[in-house]
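Below is one structure; the comments refer to it alone.
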2 protein chains.
Amino acid sequence: MITLKDIGDELGLSPATVSRALNGFPEVSLKTRERVQEVAERMGYRANRSAQRLVTGRSGMVGMIVKTSPDLRADQTFMEVLVGMSAALAARDTDLVLAVDQGHDPIEAYRRMLSRDMLDGFILNAPVMDDPRVNFLKAEGIPFVVHGRDRLDADYPFYTIDNYAVAAESVQLLAALGHKRIAYLNGAEPYSHVARRRAGYLGAMAAAGLPVIDGAHTNDAPSEAAGYRQALSLLAGQRGTPPTAIICSSTLLAEGVMRAVRDRGLLVPGDLSVMAHDDDLPLSRAISFSPALTVTRAPLRDACVPLANALVDLIGGGNPLSLQSLNRAELIVRDSTGPAPANGTDPWP
Amino acid sequence: MITLKDIGDELGLSPATVSRALNGFPEVSLKTRERVQEVAERMGYRANRSAQRLVTGRSGMVGMIVKTSPDLRADQTFMEVLVGMSAALAARDTDLVLAVDQGHDPIEAYRRMLSRDMLDGFILNAPVMDDPRVNFLKAEGIPFVVHGRDRLDADYPFYTIDNYAVAAESVQLLAALGHKRIAYLNGAEPYSHVARRRAGYLGAMAAAGLPVIDGAHTNDAPSEAAGYRQALSLLAGQRGTPPTAIICSSTLLAEGVMRAVRDRGLLVPGDLSVMAHDDDLPLSRAISFSPALTVTRAPLRDACVPLANALVDLIGGGNPLSLQSLNRAELIVRDSTGPAPANGTDPWP
DNA sequence: AAATATTTTCAAAACGATTTAATTTGACAT
DNA sequence: ATGTCAAATTAAATCGTTTTGAAAATATTT
């Protein structure tokens, strides 16, 4: 292992100067800096992280906690974010340590992880409204960033898409096509993005002068089976006149909807328009639906680099408010949406 | 932060003695040890990992690298192992650092991770035959354990199930029920467990005196779609007389097989026996198939604790050969297997 | 050329744990 | 009492980096 002293000996310099030269301190002369950098490069110097951490009091590690619920969603979306974050953090010389929350108390895992390791910060994902983890970490003064947003007036760094707009724009597109009975298959209740989409759906329906009946908005863990079940029930008229358009909160739900449509011998978009929000996960590709799925698209992995940078900057003393990022999903019109059928021009009673 | 010195001051002892007392060295008196432990507990002492690491030269971290292939399998099985390993390693005071391999060269990610961090070891998963990562880490003298086994005469610590037996026992069960035409839907080619299962299938078929035709053994990434496609082709007789039994390398494939069976209006197990190997992942539950699926079962997560312990022990100087674990999957006969139908008593020509 | 700023460099302390070598304490035999 | 041996404890060095306060080298002003 090459140390600062080794480099210093080679050049007749003290470790202190070498350290400053490599860390870009201003008080070292350009000539010396270049010599030091050249030798460090040549000798293959790598700073000993443990020594750095000991003296700076930072661990260079941030934590992320998996909630091992039976909820399928975690597996797919969490993995995507986890992998992306890991790569993005590595680029900022930060390690991602993974822990598992197998309990009921969401705070417990954070407590344990903080006392066991010395972590510089956390990445939170899938926040619920007024998330207790946010409250805890704020109270403790631990840096954290959130993938999503647990309250509208968040004062912490986050990366999220405008979920109100995600739902509202979908409704607007369909309304412009003449649809009056539009159903919304949403995600599971507790998550904050689900509530935002619900608000967006209801808001846009109201703005378009369209009533909404009970059962036109549903909450389920995103699975093919749930999409199938809900669509079948809707299309069978079990909740009033069937809708002429169904918006899905995820492409997984849309897969189920498509199967229900086939089972009932209907045509998309002739009899029913279908659209979805697309996280662009590798498993379920909107473009390979037949017909290709109209979506609001916002790849989950887009969040990783901004979030990683925000967290490292925050730990370095950055201003939380300047590290917030609210993004719009892209509306991609494909072949699963079309004009409302003749029988679809009446709104729900 | 509470340090050794704080505890020493409280008791009128030197940090050295406190360190020894807490680390269970024999030369400290019982009375002192108890006093120290009591005070450490009371003050909530936690050793500073950075300081420990600096002086011991160990980082207390091990690495695991995700290969981000378009292969779906990674997402599901990797996540399961990752989460389990993380918990099991935490119990041994070791952190799991995640990295991503987005390149073509499997070694590159390990090189980068080694030079960037100081890692004490690695966990390898999903080995291919004569895996280059194994060769690399062996040559470098870096401790590692493998989930799986890339060669039969492995001299490193591993945890694997007997994949030859997994396939062979399935064949034996079906052969005992009178089946003569048994197909095997295997996983994707490069993985070593796939090769072992292939050998087990062919070996057991030969031992039972049953011929195997081209197309009765297939290789696919485990997905519902692949199972459907292969089963449909087999049952349509496109590869000779249809089999009376199909063994699947995963429950995902079995889901596809079941769909193909339904589409063709066949009955399980009346017309066709179906069985699978069950990793016991949360997504696809063999028991909720209808009929409930006969399987060889070996929960993936069972590997985590043994692997974590093996790696920590290996790093601590343990003998690799004594840290190997070869396990048998459990054969669980449910309702998807039955006697061969009348037309199934003839083997393939 | 002397006095004063300004750069640039260095020696030493710090971080908190482990470990080596040395010292104290206590028990026991002489 | 004295000496011997073992047991228990400690002082000090160590790991490799950062950082403080001081010193040396160089540049600028008088």
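Predicted model only: the values in this text are computed from it and were never measured. Order of the sequence lines sets the chain letters (A, B, ...), proteins ahead of strands, with each chain counted from 1.
With D/dT17, D/dT19, C/dT19 as the choices, the nucleotide that has an atom nearest any side-chain atom of A/R20 turns out to be D/dT19. Comparing atom distances between the A/A16 side chain and each of D/dG16, C/dA11, C/dT9 picks out C/dA11 as nearest. Counting only heavy atoms from C-beta on, A/L54 has its side chain closest to C/dG16 among C/dT9, C/dT19, C/dG16. Counting only heavy atoms from C-beta on, B/T17 has its side chain closest to D/dT9 among C/dT9, D/dT17, D/dT9. Here D/dT19 is the nucleotide among C/dT9, C/dA17, D/dT19 with the atom lying nearest to any side-chain atom of A/F25. When distances are taken from the side chain of B/N48 to each of D/dG21, D/dT9, C/dG16, the shortest belongs to C/dG16.
Taking side-chain N and O atoms only, A/S50 has no distance below 4.0 Å to OP1 or OP2 of D/dC15. Residue B/T3 has no polar side-chain atom (N or O) positioned under 4.0 Å from OP1 or OP2 of C/dC15. Using a 4.0 Å cut-off, some side-chain N or O of A/S29 falls inside it from OP1 or OP2 of C/dT9. OP1 and OP2 of D/dT17 both lie 4.0 Å or more from every side-chain N or O belonging to A/S19.
Going from atom CD1 of A/I7 over to atom C1' of C/dT9 covers 17 Å, rounded to whole Å. Rounded to a whole Å, the CG atom of B/L4 is 15 Å from the C1' atom of D/dT9. Between B/L13 atom CG and D/dA11 atom P there is a gap of 11 Å when expressed in whole angstrom units. Spacing between atom CG of B/N23 and atom C1' of C/dG16 amounts to 13 Å, rounded to whole angstrom units.
A salt bridge links B/R49 to B/D95: one of the charged nitrogens lies within less than 4.0 Å of a carboxylate oxygen. Electrostatic pairing of B/D120 and B/R58 does not count as a salt bridge here, judged by no charged N lying under 4.0 Å from a carboxylate O. One finds a salt bridge joining B/D131 and B/R133 here, because a Lys/Arg side-chain nitrogen approaches an Asp/Glu carboxylate oxygen to under 4.0 Å.
Ranked by how close their nearest DNA chain C nucleotide is to the 5' end, B/E27 and B/Y45 are led by B/Y45. For the pair B/R35 and B/A51, both in contact range of DNA chain D, the more 5′-proximal nearest nucleotide belongs to B/R35.
Partner of B/Y45 under the side chain to side chain contact (heavy atoms under 4.5 Å, CB included) criterion, chosen from B/V39, B/I7, B/D6, B/V36: B/I7.
Among the atoms of the strands shown, none is found under 4.0 Å from any heavy atom of B/G8. Contacts of B/Q52 with the nucleic acid, taken as non-hydrogen atoms under 4.0 Å apart, involve only primed sugar atoms and P, OP1 or OP2.
Side-chain rings of A/F122 and A/Y110 approach one another, their centers coming within less than 6.0 Å.
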